[in-house]
Colleague: 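The following block contains the structure, expressed as structure tokens.
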Amino acid sequence: MCGRFVRKGESKKVAEALGVQDGEENWTESYNVAPGSTVPIVRDDPTGRHMAPAVWGFTSSGRGPLFNARAETVDSLPSFRDHLRVNRCLVPASGFYEWRPSDRQPFYFERVDGLPLAFAGIWKRVGDHLEATVITTTPNRDMSAIHDRMPVILSSDRWSNWLNPDPLSSAESQSLLCPSPDGTLTRWPVSRAVGSIRNDTQGLIERVEPQPTAQELFPMSS
DNA sequence: CCAGACGTTGTT
DNA sequence: GTCTGG
DNA sequence: CCAGACGTTGTT
DNA sequence: GTCTGG
């Protein structure tokens with residue numbers, strides 16, 4: 001999954017890297033972006049490529065916003081499939097966090113090449129605002145030791161194909177919704193302080209020694 | 001027409 | 001809310 | 001996603 | 001445990 005991420009850097013540079021021609025004022029820095037917050041998304045239309053604000057997560061009648069959609073089902077589920085066809089977007093990020101289930105140790109992931117990440121997303125209009133969700137897939141080798149899902153990260157050569165405003169068949173979409181190649185990402189353990197969204201500082205992405213687990217501190221004798 | 005399900009994640 | 005199933 | 005709260009009544 | 005808030 002992808003449930004917390006980072007957005008840093010100068011908006012002008014990010015806009016340039018993404019090929020965005022306007023809307024870059026919607027880029028705001030945060031080291032702790034959570035579902036429900038407003039995030040900049042990137043869309044193409046006949047006039048060009050634009051950055052716009054959207055609430056992260058599709059509101060649902062059940063509990064909690066749908067802030068991820070599975071690549072395996074996004075083309076068939078009623079909540080997502082029509083938006084996949086015509087409302088595709090990028091959700092730009094600098095990196096993202098994942099928690100290792102075994103010990104709740106958080107890790108920060110970013111691209112090895114330091115470029116901005118572009119998550120594959122879909123969006124919808126709800127009243128006077130937009131909502132967006134990030135598509136997830138199976139983990140590549142960079143991720144699999146930490147988590148069993150990862151966000152779909154599109155390389156820049158695929159952005160135009162994904163953002164093409166014309167309807168895309170689900171077969172075409174599915175061909176883009178795959179794990180990024182092994183070696184795309186790097187990672188390191190970070191402070192558990194990232195868990196609380198009250199914390200939002202550069203220190204959240206600094207490497208820490210993983211906190212020993214209770215079992216390591218107090219091993220059970222066999 | 002109404003009834004009932006609807007999404008992801010993690011956990012064990 | 002909106003979609004599917006019956 | 002994680003953290004943190006989680007209830008009602010009446011009264012002031 | 002389950003829900004809300006951020």
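Just so it is clear: chains get the letters A, B, ... in the order the sequence lines come, proteins before strands, and each one is counted from 1. Heavy atoms only: backbone and side chains are in, while hydrogens, waters and symmetry mates are out.
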Colleague: Side-chain N or O of A:Ser196 less than 4.0 angstrom from OP1 or OP2 on D:dA3?
Modeller: no
Colleague: Heavy atoms only, 4.0 Å cut-off, all strands: where does A:Ser37 land among base, sugar-phosphate and nothing?
Modeller: nothing
Colleague: Nearest to the side chain of A:Arg70, which nucleotide is it out of D:dA3, B:dC6, B:dT8?
Modeller: B:dT8
Colleague: For A:Asp45 and A:Thr47, which I'm curious about, is there any donor-acceptor pair between the side chains at under 3.5 Å?
Modeller: yes
Colleague: Assess whether atom CZ of A:Arg100 is packed by more than 12 heavy atoms of other residues, nucleotides or ligands within 6.0 Å.
Modeller: yes
Colleague: Send over the distance from A:Asn32 CG to D:dA3 P, rounded to a whole Å.
Modeller: 10 Å
Colleague: Would you please confirm or rule out a distance under 4.0 Å between OP1 or OP2 of B:dG7 and any side-chain N or O of A:Thr133?
Modeller: no
Colleague: Among B:dT9, B:dG7, E:dG6, which nucleotide has an atom closest to any side-chain atom of A:Ile197?
Modeller: E:dG6
Colleague: Between A:Asn26 and A:Pro40 (side chain of the first, backbone of the second, donor and acceptor by atom type, cut-off under 3.5 Å), is there such a pair?
Modeller: no
Colleague: Over how many whole Å does the gap from A:Phe58 atom CZ to C:dC3 atom P extend?
Modeller: 13 Å
Colleague: Which whole number of Å gives the distance between the C1' atom of D:dC1 and that of B:dT8?
Modeller: 11 Å
Colleague: Measure from the side chain of A:Arg81, starting at C-beta and using heavy atoms only, and say which of C:dT4, B:dT8, D:dC1 lies closest.
Modeller: C:dT4
Colleague: Let me know the distance between CZ of A:Arg4 and C1' of B:dT9, rounded to the nearest Å.
Modeller: 13 Å
Colleague: What integer number of Å spans the P atoms of E:dT2 and B:dT12?
Modeller: 15 Å
Colleague: Rounding to the closest angstrom, what is the interatomic distance between B:dG7 and C:dC3 at atom C1'?
Modeller: 13 Å
Colleague: Tell me the interatomic distance from A:Lys124, atom NZ, to C:dT2, atom P, rounded to whole angstroms.
Modeller: 8 Å
Colleague: When the C1' atoms of D:dG10 and B:dA5 are compared, how many Å lie between them, rounded to an integer?
Modeller: 41 Å
